[in-house]
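Heads up: numbering here begins at 1 and tracks the sequence. Heavy-atom basis, side chains included; hydrogens, waters and symmetry copies ignored.
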Amino acid sequence: MTASDDSSLSTAERAYEAIRQQILSGELQEGAPIRQDDIAAQMGVSKIPVREALMRLQSEGWVTLKRNAGAFVTPLTASDCVEMLDLRIALECRALEIAVPNMAPSDLALAEQLLKRYERADSPQSWSDLNLAFHQALYAPANRPRLVATAQAAQERMGRFLRTHLSAVNDHQRSYDEHFAIHQACAAGDTKTAVRLLRKHLEQTQREVMAYFRLSGKTTV
């Protein structure tokens with residue numbers, strides 16, 4: 001690989017991260033057009049690395065590329081959300097099953113610290129960020145980076161939807177209580193109970209997502 005090739009990849013990576021963060025933050029909303037010229041101008045680059053970034057984002061489900069129409073943020077459908085939670089249940093329960101026997105006191109202390117911050121947090125964005133960090137802290141001792149990264153991608157893809165449509169004070173307290181119980185089981189080294197509680201926690205979120213779409217009459221976010 002030449003130096004110029006390496007530079008191109010680095011620029012495409014930066015474009016990828018910039019567009020992805022705009023989607024995650026809500027600056028680019030579901031269904032919104034993504035204007036390659038604007039992004040290239042903002043970054044001071046050509047459209048080539050921007051196109052590479054968009055193709056990667058399309059392969060990950062973030063973006064839809066339409067011939068003669070350009071790029072758009074892919075809307076989340078009801079079936080997308082349900083299936084991503086199926087994926088999370090399978091992957092995260094497996095990650096926790098492997099992680100619990102490997103947890104050191106420092107792992108449990110980090111998760112407990114994040115949980116306390118989650119309890120005190122007062123905004124959906126903070127809840128979402130700390131929720132993700134707590135789950136990642138629990139799964140890290142599994143030492144299965146690809147498994148955990150795949151689960152994290154599903155978490156992030158649904159993050160703004162959950163913040164916008166399902167975050168509420170009652171949900172926050174319920175989620176804290178469920179997280180606390182999972183942490184207690186992990187601290188006791190009770191793998192079976194920890195995995196059972198995690199599955200119940202994620203399945204409850206899945207039911208809430210299904211209820212949102214059913215009651216709102218919507219089929220996409």
Side-chain angles (χ1 to χ4, degrees), residues 20-21 24 60-62 76 79-163 165-212:
R20 185 171 174 274
Q21 284 304 315
L24 284 171
E60 296 175 356
W62 295 92
L76 280 174
S79 59
D80 288 335
C81 292
V82 171
E83 188 170 9
M84 275 190 281
L85 279 159
D86 280 337
L87 185 67
R88 285 191 59 189
I89 290 167
L91 296 179
E92 292 180 44
C93 286
R94 177 56 178 159
L96 189 62
E97 181 181 36
I98 300 170
V100 173
N102 297 324
M103 285 183 179
S106 56
D107 296 314
L108 293 163
L110 173 59
E112 183 178 14
Q113 180 187 49
L114 291 166
L115 190 55
K116 288 178 178 177
R117 289 174 58 194
Y118 180 86
E119 183 182 24
R120 296 192 300 268
D122 59 3
S123 72
Q125 181 65 59
S126 296
W127 299 341
S128 179
D129 292 343
L130 289 166
N131 175 70
L132 177 60
F134 172 76
H135 281 272
Q136 295 305 304
L138 291 184
Y139 309 148
N143 194 30
R144 297 291 193 279
R146 282 175 288 191
L147 185 154
V148 173
T150 304
Q152 182 176 347
Q155 289 175 314
E156 291 177 337
R157 184 71 180 94
M158 292 189 66
R160 190 159 62 85
F161 165 74
L162 295 175
R163 289 194 301 272
H165 300 291
L166 297 186
S167 292
V169 173
N170 289 341
D171 289 333
H172 176 240
Q173 184 59 50
R174 176 189 59 77
S175 184
Y176 168 79
D177 292 341
E178 292 173 1
H179 286 157
F180 180 82
I182 293 167
H183 183 270
Q184 289 291 99
C186 291
D190 188 343
T191 302
K192 184 176 180 180
T193 298
V195 171
R196 176 178 59 80
L197 291 172
L198 175 62
R199 176 179 293 276
K200 181 179 178 182
H201 171 66
L202 294 172
E203 287 176 345
Q204 176 62 28
T205 300
Q206 189 177 54
R207 285 192 292 272
E208 290 173 352
V209 168
M210 293 168 68
Y212 165 80

Nearest heavy-atom neighbours spanning Leu138 and Ala99: O-CB, 3.3 Å

- line: So CE of Met158 and CZ of Arg88: to nearest 0.5 Å the spacing works out to 7.5 Å

query: Can any side-chain N or O of Ser128 pair as donor or acceptor with the backbone N or O of Pro124 at less than 3.5 Å?
result: no

- request: Name all pairs fulfilling the side chain to side chain donor-acceptor pair (under 3.5 Å) condition that reach into residues 178-190, sequence neighbours left out, sorted by first residue then second.
  value: Asn131-His179, His135-His179, Arg174-Glu178, Glu178-His201, His179-His201, Asp190-Thr193

message: Are there over 12 heavy-atom neighbours, none belonging to Phe180, within less than 6.0 Å of that residue's CZ?
response: no

field: Sequence-distant partners of Lys116, salt bridge (charged side-chain N to carboxylate O under 4.0 Å, His left out), two or more places apart
entry: Glu112

task: Compare every heavy atom of Ala194 with every heavy atom of Val100, then report the nearest pair and how far apart it is.
output: CG2-CB, 4.3 Å

query: What's the spacing between Ser79 OG and Met84 CE if we round to 0.5 Å?
result: 9.0 Å

- prompt: What distance do Ile182 atom CD1 and Phe134 atom CZ have between them, rounded to the nearest 0.5 Å?
  reply: 6.0 Å

- line: Rounded to the nearest 0.5 Å, the CG atom of Leu24 sits from the CH2 atom of Trp62 at a distance of 4.0 Å

task: Indicate yes or no: at least one non-hydrogen side-chain atom of Thr205 is less than 4.5 angstrom from one of Ser175.
output: no

message: Arg199: which residues meet the salt bridge (charged side-chain N to carboxylate O under 4.0 Å, His left out) condition with it, sequence neighbours left out?
response: Glu203

Atom pairs and distances, side-chain donor-acceptor, residues 101-110, under 3.5 Å, sequence neighbours left out:
{"from": "Asn102", "atom 1": "ND2", "to": "Ile98", "atom 2": "O", "distance (Å)": "3.2"}
{"from": "Asn102", "atom 1": "ND2", "to": "Pro141", "atom 2": "O", "distance (Å)": "3.4"}
{"from": "Asp107", "atom 1": "OD2", "to": "Ala104", "atom 2": "N", "distance (Å)": "2.9"}

- request: Carefully, step by step, assess Tyr139 and Leu198 under the rule side chain to side chain contact (heavy atoms under 4.5 Å, CB included).
  value: CA-CA 12 Å; Tyr139 309 148; Leu198 175 62; 3.6 Å; yes

- prompt: Under the side chain to side chain contact (heavy atoms under 4.5 Å, CB included) criterion, do Tyr118 and His172 qualify, and how do the steps go?
  reply: CA-CA 9 Å; Tyr118 180 86; His172 176 240; 3.5 Å; yes

- prompt: Got Arg157 and Asp80 here, is their nearest side-chain heavy-atom distance under 4.5 Å?
  reply: no

message: Does anything in residues 120-133 form a salt bridge (charged side-chain N to carboxylate O under 4.0 Å, His left out)? List the pairs, not counting sequence neighbours.
response: none

- prompt: Where is the tightest heavy-atom contact between Val209 and Cys81, given as atom of each residue plus distance?
  reply: CG1-CB, 3.6 Å

message: To the nearest 0.5 Å, what is the distance between CG on Leu147 and CG on Leu91?
response: 5.0 Å

task: Please list, chain by chain and in numerical order, all residues satisfying salt bridge (charged side-chain N to carboxylate O under 4.0 Å, His left out) with Glu83, sequence neighbours excluded.
output: none

statement: In this structure, CZ of Arg196 is separated from CD of Glu97 (nearest 0.5 Å) by 14.5 Å

field: Nearest heavy atoms of Ala154 and Leu87, plus distance in Å
entry: CB-CD2, 4.3 Å

message: Quick check: closest heavy atoms across Leu130 and Ala121, and the distance to 0.1 Å?
response: CD1-CB, 4.0 Å

- prompt: Taking atom CZ of Arg117 as the centre, does the number of heavy atoms from other residues, nucleotides or ligands within less than 6.0 Å exceed 12?
  reply: no

